[in-house]
A.B. asks: 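Following this message is one structure expressed as structure tokens.
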Amino acid sequence: MSQIALTLRAVGGLSTAEIARALLVPEPTIAQRISRAKQRIKASGARFEPPPPAEFEQRVASVLRVLYLIFNEGYTASSGSQLYRIELTAEAIRLTGSCTLCCPNTVR
């Protein structure tokens, strides 16, 4: 869940409060998970590169979970004055379409 929370923050641009509501977890818990995930990445020296073939399906599943949560936040905003966040919804749809084109056997 830390990986998904960090991705929602770094890539999706969601606030800690929005991520907590999306994952049905208390905000301080999500804040701590994001902080720990950042520390683990820094300590491990992890690099952003394609996963090995054996991990590909699992990674795509995580990406799709993140896109689903970004879509949901756009479709029914959990905070702010707007009911919809069209830019989030549109971007989630666009990226899901890209996943379908790149990974037709993995995306369901």
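What's counted below: heavy atoms across the whole structure, side chains too, no hydrogens, waters or symmetry copies.
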A.B. asks: So, do Glu73 and Leu8 sit near enough that their side-chain heavy atoms are less than 4.5 Å apart?
C.D. replies: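 Glu73 vs Leu8: side chains apart.
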
A.B. asks: Could you give the distance from OG1 (Thr29) to CD1 (Ile34), rounded to the nearest 0.5 Å?
C.D. replies: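 Answer for the OG1-CD1 pair, Thr29 versus Ile34, is 11.0 Å.
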
A.B. asks: I need the Arg33 CZ to Thr16 OG1 distance, nearest 0.5 Å.
C.D. replies: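 Answer rounded to 0.5 Å: 13.0 Å.
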
A.B. asks: If two hydrophobic side chains count as joined below 4.5 Å and joins carry through other members, does Ile41 share a cluster with Val66?
C.D. replies: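 Yes; tracing contacts between hydrophobic side chains, which count when under 4.5 Å, links both residues.
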
A.B. asks: Side chains of Leu69 and Leu23: closer than 4.5 Å at any heavy-atom pair?
C.D. replies: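 When only atoms from C-beta onward are counted, Leu23 and Leu69 do touch, with a gap below 4.5 Å.
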
A.B. asks: Would Arg21 and Glu18 pass as an ion pair if we require N to O under 4.0 Å?
C.D. replies: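 No, this pair does not count.
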
A.B. asks: Can you find a pair of side-chain heavy atoms, one from Thr76 and one from Asn72, that are under 4.5 Å apart?
C.D. replies: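 The answer is no; the side chains never approach within 4.5 Å.
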
A.B. asks: Please give me the minimum heavy-atom distance between Tyr75 and Tyr84, naming the atom from each residue.
C.D. replies: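 Nearest heavy atoms, Tyr75 then Tyr84: O-CD2, 2.8 Å.
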
A.B. asks: Within this structure, what is the SG-CZ distance for the pair Cys99 and Arg94, rounded to the nearest 0.5 Å?
C.D. replies: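 Rounded to the nearest 0.5 Å, the SG-CZ separation comes out at 10.0 Å.
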
A.B. asks: Can you tell me how far the CG atom of Leu67 sits from the CD atom of Glu91, to the nearest 0.5 Å?
C.D. replies: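 If I round to the nearest 0.5 Å, the distance is 9.0 Å.
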
A.B. asks: Between Leu88 and Leu14, does the side-chain contact (heavy atoms from CB on, under 4.5 Å) criterion hold? Intermediate values first, please.
C.D. replies: CA-CA 10 Å; Leu88 283 179; Leu14 300 184; 3.8 Å; yes

A.B. asks: Does CG in Leu83 sit with more than 12 non-hydrogen atoms of other residues, nucleotides or ligands closer than 6.0 Å?
C.D. replies: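 Yes - once you tally the heavy atoms of other residues, nucleotides and ligands closer than 6.0 Å, there are more than 12.
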
A.B. asks: Rounded to the nearest 0.5 Å, what separation is found between the CG atom of Leu64 and the CG atom of Leu95?
C.D. replies: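 Here the interatomic distance stands at 10.5 Å.
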
A.B. asks: Identify the heavy atoms of Ala20 and Ile30 that sit nearest to each other, and give their distance.
C.D. replies: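 Minimum heavy-atom separation between Ala20 and Ile30: CA-CG1, 3.7 Å.
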
A.B. asks: Under the 3.5 angstrom rule, does the side chain of Ser35 hit a backbone N or O of Ala31 as a donor-acceptor pair?
C.D. replies: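 Absent.
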
A.B. asks: Is there a side-chain contact between Ser2 and Arg36 (heavy atoms, below 4.5 Å)?
C.D. replies: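 Ser2 does not reach Arg36 side chain to side chain.
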
A.B. asks: For the hydrophobic clusters of this structure (ILVMFWY residues joined by side-chain heavy atoms under 4.5 Å, transitively), does one cluster hold both Ile93 and Tyr68?
C.D. replies: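 Different clusters: Ile93 never reaches Tyr68 through Ile, Leu, Val, Met, Phe, Trp or Tyr contacts under 4.5 Å.
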
A.B. asks: If you apply the rule side-chain contact (heavy atoms from CB on, under 4.5 Å), what do you find for Ile19 with Arg9, and how did you get there?
C.D. replies: CA-CA 8 Å; Ile19 296 167; Arg9 165 67 132 257; 3.7 Å; yes

A.B. asks: Which residues pass the side-chain hydrogen bond (donor to acceptor under 3.5 Å, both in side chains) test with Thr89, sequence neighbours left out?
C.D. replies: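 Result, side-chain hydrogen bond (donor to acceptor under 3.5 Å, both in side chains) vs Thr89: none returned.
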
